[in-house]
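Data block below; observations after.
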Amino acid sequence: MWGIIGTWAMAEEGIKKAGHFLSNHGSAMDACEVCVREVEKNPAFTSVGYGGLPNEKGRVSLDAAAMDGNTLQIGSVMGVEDFKHPSAIAKDLLNYRFNNVLVGKGAKIHGLKMNLKEENLLTEASKEAWLNHVHAVEQGLSPYDGHDTVCTVAVDVNQAMAAMTSTSGLFFKAEGRVGDAPLPGSGFYVDSEIGGAAATGLGEDIMKGILSYEIVRLMSDGLNPQDACERAVTNLHEKLTRKNKKAGDLSVIAMNHKVEFGAATNIDTFPFVVATDQHLMRGKAHFRASKHSQEIVCTKLL
Ligand code: ASP
C-alpha cells in the first residue's frame with residue numbers, strides 16, 4: 001500500500017509523478033519532494049518557489065519544511081531568498097542532530113554548502129503583480145489577498161510516512177514575516193505510527209490552533225482522517241469566530257498509515273489531489289457555512 005495527498009490543483013502534476021515514484025517503491029520523503037519540486041519550479045504557480053509573489057519590499061522570500069514520520073525528525077527554513085527549491089534545504093536539514101531550523105542568512109549559507117544554484121526568483125509577471133498591488137494597496141485594498149502553500153503527506157510501501165510544505169507565504173507580507181508552513185505542528189506534522197496532516201490558509205490563524213498536530217492527535221484518538229480534519233477545522237473556526245469575530249482561511253489535508261485520507265476547509269472550495277495504489281483523484285472540500293458542514297467531492301482520474 002502507498003499513497004500521497006497534496007493541497008490545491010497546482011499539486012496535480014507533482015502528485016502524479018510522486019505516485020509513480022511510490023509505486024516503484026520510492027520512499028515517502030522522496031515522493032513528497034518529487035511533488036513539491038514540481039510546483040516550486042513552475043512560475044505559473046505564484047505562491048510557491050520560482051515566480052512566487054514577493055513581500056512588501058518586492059523580494060521573494062520562501063518558507064519550507066520536511067518531516068520524517070519514522071524519526072519525527074524535522075527540517076525547516078524560513079525567509080529563504082534566491083533558491084527556487086527551499087524544500088531541498090529543509091529536507092537536507094533532516095540529516096542533522098542540531099540546527100534543524102534555519103532562518104534567512106543561515107538557510108542561505110546551508111543552501112550554498114549544498115551547492116544549490118542561486119537565482120533571481122522574481123519573474124516579470126510576479127513583479128508586475130507586485131507593482132499593481134502596491135497601487136491597489138495605496139487605493140485602500142487589503143494588502144493580504146492571495147496565497148497558497150503546496151503541502152504533501154505520503155505513505156510508502158514500507159509504511160514510512162513523511163510530510164513537506166513549501167510557500168512564498170502571504171503576498172505582500174512584511175519583511176521577516178513567517179507563516180505556518182515551516183512551523184512544526186501548525187503547517188505540518190507526521191508520525192508513521194498514526195498519520196500526517198498539513199495546512200494552508202492564513203498562517204497567523206492556523207498557528208493559533210496548532211492545526212496539523214491537532215489533526216494527528218485526533219487520529220491517534222481513533223478518528224479517521226476525514227473526521228479528524230473536519231473536527232479540527234470546525235473547532236478552530238468556531239473558536240476564532242467566537243473570540244475574535246472572524247477566522248482566516250483554514251484548509252487541511254490528512255492521510256493515516258492505512259492510506260485513508262481526508263480534507264476540510266472553512267472556505268467555499270478547497271481543491272486537493274490524491275494518488276494511492278488504488279486511485280488517482282481530484283478532490284474538493286466545500287464548506288457549507290449555513291449547515292456548518294463539509295462536503296467532499298472526489299473525481300477519479302484513474
Ligand atoms: N499558510 C501560508 C502562510 O500563511 C499561506 C497559504 O498557505 O495560503 O504563509
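Numbers here are sequence positions counted from 1. Everything numeric in this text was worked out from a predicted model, so none of it was measured.
Other residues sharing a hydrophobic cluster with Val34 under the 4.5 Å side-chain heavy-atom criterion for ILVMFWY residues are Phe21. Other residues sharing a hydrophobic cluster with Leu223 under the 4.5 Å side-chain heavy-atom criterion for ILVMFWY residues are Leu218.
The CE atom of Met114 sits 11.0 Å away from the NE2 atom of His85 when rounded to the nearest 0.5 Å. The CG atom of Leu240 sits 10.5 Å away from atom CG of Asn235, with the distance rounded to the nearest 0.5 Å. Leu22 contributes atom CG, which lies 5.5 Å from atom CD1 of Ile4 (distance to the nearest 0.5 angstrom). Taken to the nearest 0.5 Å, the CG atom of Asn244 stands 11.5 Å off from the NZ atom of Lys239. Note that CD1 of Ile206 is 7.0 Å distant from CG of Leu202, once rounded to the nearest 0.5 Å. Between the OG atom in Ser27 and the CE atom in Met161 there is a gap of 13.0 Å [rounded to 0.5 Å].
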Practice task
Given side-chain contact (heavy atoms from CB on, under 4.5 Å), test Val77 with Leu93 step by step and report yes or no.
Solution key: CA-CA 9 Å; Val77 291; Leu93 292 173; 3.8 Å; yes

Exercise for the section: Evaluate the criterion side-chain contact (heavy atoms from CB on, under 4.5 Å) for residue pair Val216 and Val190; output intermediate values, then yes/no. Expected result: CA-CA 7 Å; Val216 177; Val190 63; over 6 Å; no

Handout entry: Stepwise side-chain contact (heavy atoms from CB on, under 4.5 Å) check, Phe287 with Thr269
Key = CA-CA 7 Å; Phe287 180 55; Thr269 303; over 6 Å; no

Exercise for the section: Could you please spell out the steps behind the side-chain contact (heavy atoms from CB on, under 4.5 Å) verdict for Leu280 and Val274? Expected result: CA-CA 6 Å; Leu280 175 65; Val274 191; over 6 Å; no

Exercise for the section: Output, in order, the C-alpha distance, side-chain angles, deciding distance and verdict of side-chain hydrogen bond (donor to acceptor under 3.5 Å, both in side chains) for Asn70 and Ser192. Expected result: CA-CA 5 Å; Asn70 280 358; Ser192 302; 2.7 Å; yes

Practice task
Give the C-alpha distance, both sets of side-chain angles, the deciding distance and a yes or no for side-chain hydrogen bond (donor to acceptor under 3.5 Å, both in side chains) between His110 and Asp92.
Solution key: CA-CA 9 Å; His110 196 85; Asp92 191 65; 2.8 Å; yes

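Nearest approach of Ile253 to Cys229, heavy atoms of both residues: C-SG, 4.1 Å. Smallest separation of non-hydrogen atoms from Ala90 and Ala66: CB-N, 3.9 Å. Smallest separation of non-hydrogen atoms from Gly169 and Arg177: CA-NH1, 4.0 Å. Taking each heavy atom of Glu214 and Gly209 in turn, the nearest pair found is CB-O, 4.0 Å. Considering every non-hydrogen atom in both Tyr189 and Leu72, the closest pair reads OH-CD1, 4.1 Å. Closest non-hydrogen pair, Ala18 versus Cys35, comes out as CB-CB, 4.1 Å.
Salt-bridge annotation for Glu12 and Lys16: present, with a side-chain N of the basic residue lying under 4.0 Å from a carboxylate O of the acidic one.
Applying the ring pair (Phe, Tyr, Trp, His ring centres under 6.0 Å) rule to Phe45 yields no partners; only residues at least two apart in sequence or on another chain are considered. Under the side-chain hydrogen bond (donor to acceptor under 3.5 Å, both in side chains) criterion, Ser168 pairs with no residue at all, not counting sequence neighbours. Annotation: ring pair (Phe, Tyr, Trp, His ring centres under 6.0 Å) contacts of Phe270 (sequence neighbours excluded): Trp8. For the side chain to side chain contact (heavy atoms under 4.5 Å, CB included) test, residues two or more places apart in sequence or in another chain that qualify with Asp277 are Met1, Trp2. The ring pair (Phe, Tyr, Trp, His ring centres under 6.0 Å) check on Phe188 picks up nothing, with sequence neighbours excluded. For Glu56, the side chain to side chain contact (heavy atoms under 4.5 Å, CB included) partners two or more places apart in sequence, or in a different chain, are Phe172, Ala174.
A salt bridge (Lys or Arg N to Asp or Glu O under 4.0 Å) check over residues 21-48, counting only residues at least two apart or in different chains, returns the pairs Lys17-Glu38, Asp30-Lys91, Glu33-Arg37, Glu33-Lys91, Glu38-Lys41. Within the structure, salt bridge (Lys or Arg N to Asp or Glu O under 4.0 Å) contacts touching residues 220-238 (residues at least two apart or in different chains) are Arg217-Asp221. Within the structure, salt bridge (Lys or Arg N to Asp or Glu O under 4.0 Å) contacts touching residues 68-86 (residues at least two apart or in different chains) are Arg59-Glu81, Asp82-Lys108, Lys84-Glu119. Each salt bridge (Lys or Arg N to Asp or Glu O under 4.0 Å) pair with one or both residues in residues 123-137, not counting sequence neighbours, would appear here, but there are none.
One hydrophobic cluster holds both Val155 and Met29 under the rule that ILVMFWY side chains link at heavy-atom gaps under 4.5 Å.
Under the 4.5 Å side-chain criterion, counting only non-hydrogen atoms from C-beta, Leu183 is not in contact with Ser76.
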